[in-house]
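The next block holds one structure in the form of structure tokens; read it before the comments.
For clarity, every value in this text was computed on a predicted model and none was experimentally measured. Convention: sequence-line order gives letters A, B, ...; per-chain numbering from 1.
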Amino acid sequence: MQLYNTLAKKKQNFTPLDTGGVTLYACGPTVYNYAHIGNLRTYIFEDLFVRVLRTEFPVRHVMNITDVGHLTSDADEGEDKMELGAAREGKSAWDIAKFYEKKFFEDFDSLNCTRPVIICRATEHIKEMLALVKTLEEKGYTYRTSDGIYYDTSKFPAYAGLAGAAHITGLKSGARVEFNDEKKNPSDFALWKFSPKTQKRQMEWDSPWGMGFPGWHIECSAMAMKYLGPTIDIHCGGVDHIAVHHTNEIAQSEAATGKQYVRYWVHGEFLVLRAGKMSKSAGTFLTLDALKAQGYSPLDYRYLCLTAHYRTQLEFTFESLDYARTSLRGLAERVRNLQNNAVDKTALAMLKENFLAALRDDLNAPKALALVWETLKENISDGTKKEFIKFADTVFALDLFKTETLQIPREAQTLLDARAAARKNKDFKKSDELRDEISALGFIVKDTPQGQKLEVK
RNA sequence: GGUGCGGUGGCCAAGUGGUAAGGCGGCAGUCUGCAAAACUGCUAUUCGCGGGUUCGAUUCCCGCCCGCACCUCCA
């Protein structure tokens, strides 16, 4: 498989370190608020990625839940998001985390994203984080300030590896942030933050350095290495994490182990609104629930995400979501109309091969999707097409073969029967009126060779 | 100010040094009592602009214009 590796800034051929399988870590949600559809785009991309990898290798997929220590600023100032969410909603920080985690997985599941093999919460791995900070301290990478234990990035020469040296240098010249004076370098970051002296935090733990809570970056390093070992094949996340979060993860982990932390960094691009990016702080965000409330299915959104390459920004509009819904319904309809006849094994193998070749070329989902549409037009048996699309849907997970049993309300059925009778008598005026009445109930009637068929509008 | 990504038909969106996937929409036909759906066909001589390299560039190089993202938390 070819993958664009952010570390190399080019496509590279991927093979797992251990032939027994791929180790993959994905940055999970910070559970202080609803996930928005931009967040969810990344999880859809990761799910597709894992499904494609699984056509070749077993995959050990680990995802974290950030339920502590994620501050509202990377300058290590500002408040902890969990505590902030708790204050906002008048609940405990623990309840907030639990609530939004549950909500997150509802969305995750409804988008047909496969749950990772291991889902780990930051609050349940404080011990591992402390051990990692301790190691870094022993190796001389840390220093203490009045508010925490910091990582000295100047001690790690390879610091700029992921983001690029020019970018790191640029931090100083054009910085818009006031840096903590006690920090030795602008890029230094907190490993452990002390609890404020004047107030008690809801989430705090004792440590060799005093009561406090972990920095955001340390959780991923500690948990990723606990479950996947010091060198991980693939680490995914959003592009926004390249410059700070992932750069810091590398610094911490490699300084501690002396080994390469991640072999392939794979980053998903943003979903953007016409007005700009989707942002929680700017109040410009849409949730999956909001789409559902407007009558869209989560899988309509999944389809939309599959029509764009994961490394290009995708502009979200309701117009494009409409298009996705129409396309998905049309595709499912065509698939349903395919006959179960003989399968041409040679043709099938060829189709699968082309399909996988597209996906294994840096996850080109739009191209793979186009192949599915083209297949429908090809001059091969329906059975072959059906078998192929069944296979394709194990990767796309669009439920193309799910036959929804439509619950027809009694009143609709009555109208339907009356319409059938009217048509039989060639009373088309009446049958058209009945069609309108059925339409008013929210259904579309289609006249097929097998009789009337009802669909939800 | 620094860094990175991108500008492809009405819309969304792949792609390639050798002449533009796919979907949506639109148009026409088949089917239908009429629709809807389905099916068939058509729908970019052209890939932001200007140069250059080349037998040949949308694809490579240079400059410009425009958009977006990152450098504040964000996937």
For this session: Rounded to whole angstrom, note down the P distance from B:rG7 over to B:rA35.
Result: 42 Å
For this session: Specify whether A:Phe189 and A:Tyr151 have parallel, tilted or perpendicular ring planes, treating 30° as the upper limit for parallel and 60° as the lower limit for perpendicular.
Result: parallel
Exercise. Atom NE2 of A:His245 and atom P of B:rC71: how far apart are they, to the nearest Å?
Worked result: 14 Å
Exercise. If pairing requires Watson-Crick or G-U wobble contacts with both distances under 3.5 Å, which nucleotide is the partner of B:rU46?
Worked result: none
For this session: Could you give the distance separating B:rC49 and B:rA57 at their P atoms, to the nearest angstrom?
Result: 15 Å
Restricting to nitrogen or oxygen on both sides, can you table the protein-nucleotides 4-8 of chain B pairs closer than 3.5 Å?
none

Problem set entry | Salt bridge flag under 4.0 Å for residues A:Lys430 and A:Glu433 | no
For this session: Using a strict 4.0 Å threshold on nitrogen-to-oxygen distance, state whether A:Lys183 and A:Asp152 make a salt bridge.
Result: no
Seminar exercise, completed: Whole-Å distance, A:Asn354 CG to B:rA14 C1', equals 15 Å
For this session: Rounded to whole angstrom, note down the C1' distance from B:rG48 over to B:rU8.
Result: 10 Å
For this session: Consider the side chain of A:Asn39, meaning its heavy atoms from C-beta on, and name the nucleotide among B:rC70, B:rA75, B:rA38 that approaches it most closely.
Result: B:rA75
Exercise. How far does OG of A:Ser431 sit from NZ of A:Lys424, to the nearest 0.5 angstrom?
Worked result: 14.5 Å
Exercise. Once you round it to whole Å, what is the distance between P of B:rC74 and CG of A:Leu271?
Worked result: 17 Å
Exercise. Are A:Lys193 and A:Glu83 within salt-bridge range, i.e. N to O under 4.0 Å?
Worked result: no
Problem set entry | Separation of the C1' atoms in B:rG9 and B:rG22, to the nearest angstrom | 13 Å
Exercise. Which is true for A:His309 with a 4.0 Å heavy-atom rule: it touches a base, it touches only sugar-phosphate, or it touches nothing?
Worked result: sugar-phosphate
For this session: Describe, in one word, how the ring planes of A:His267 and A:Trp265 are oriented to each other, choosing from parallel (under 30°), tilted (30 to 60°) and perpendicular (over 60°).
Result: parallel
For this session: Nearest whole angstrom, please: distance from the C1' of B:rA75 to the CD1 of A:Ile37.
Result: 12 Å
Exercise. What integer distance in Å separates A:Arg41:CZ from B:rC74:P?
Worked result: 18 Å
Exercise. Between B:rA36 and B:rU46, how far is it from one P atom to the other, in whole Å?
Worked result: 34 Å
For this session: Using the closest heavy atom to pick a nucleotide of RNA chain B for each, name whichever of A:Gly237 or A:Arg329 lands nearer the 5' end.
Result: A:Arg329
Seminar exercise, completed: Of the listed B:rC74, B:rA14, B:rA69, the closest approach to the A:Val272 side chain comes from B:rA69
For this session: Before accepting this row, confirm whether a basic side-chain N of the pair A:Lys446/A:Glu333 lies closer than 4.0 Å to the acidic partner's carboxylate O.
Result: yes
For this session: Quote, to the nearest angstrom, the P distance that separates B:rG29 from B:rC11.
Result: 27 Å
Problem set entry | Worked check of ring-ring contact (aromatic ring centres under 6.0 Å, His included) between A:Tyr100 and A:Tyr32 | CA-CA 6 Å; A:Tyr100 287 110; A:Tyr32 71 106; 7.7 Å; no
Problem set entry | Euclidean distance for C1', B:rC39 against B:rU45 (whole angstrom) | 30 Å
Problem set entry | Residue matched to B:rG1 through Watson-Crick or wobble contacts both under 3.5 angstrom | B:rC71
Seminar exercise, completed: Assign each of A:Ile444 and A:Asn364 the nucleotide of RNA chain B bearing its closest heavy atom; nearer the 5' end lies the nucleotide of A:Asn364
Problem set entry | Rounded interatomic separation in angstrom, taking NE2 from A:His241 and P from B:rU72 | 14 Å
Exercise. Which class fits the ring pair A:Tyr264 and A:Phe14: parallel under 30°, tilted 30 to 60°, perpendicular over 60°?
Worked result: perpendicular
For this session: With heavy atoms under 4.0 Å as the rule, sort A:Val445 into base, sugar-phosphate or nothing.
Result: base
Exercise. Between B:rG15 atom C1' and A:Asp362 atom CG, what is the distance in whole Å?
Worked result: 14 Å
Exercise. How far, in whole Å, is B:rA75 from B:rG63 if one measures between their C1' atoms?
Worked result: 35 Å
Problem set entry | A:Glu333 side-chain proximity, nearest of B:rA37, B:rC11, B:rA14 | B:rA37
For this session: Please report, rounded to the nearest Å, how far the P atom of B:rA69 is from the NE2 atom of A:His267.
Result: 18 Å
Exercise. Just by protein heavy atoms under 4.0 Å, how would nucleotides 22-34 of chain B read 5' to 3' in B, S and -?
Worked result: BBSS-------BB
For this session: Once you apply the 3.5 Å cut-off to both distances, tell me the Watson-Crick or G-U wobble partner of B:rU54, or none.
Result: none
Exercise. Just wondering, do A:Pro298 and A:Asp107 contact through their side chains at under 4.5 Å, heavy atoms?
Worked result: no
Problem set entry | Geometric class of the A:Phe45/A:Phe49 ring pair [parallel <30°, tilted 30-60°, perpendicular >60°] | parallel
Exercise. With both distances kept under 3.5 Å, what pairs with B:rC27, Watson-Crick or G-U wobble?
Worked result: B:rG41
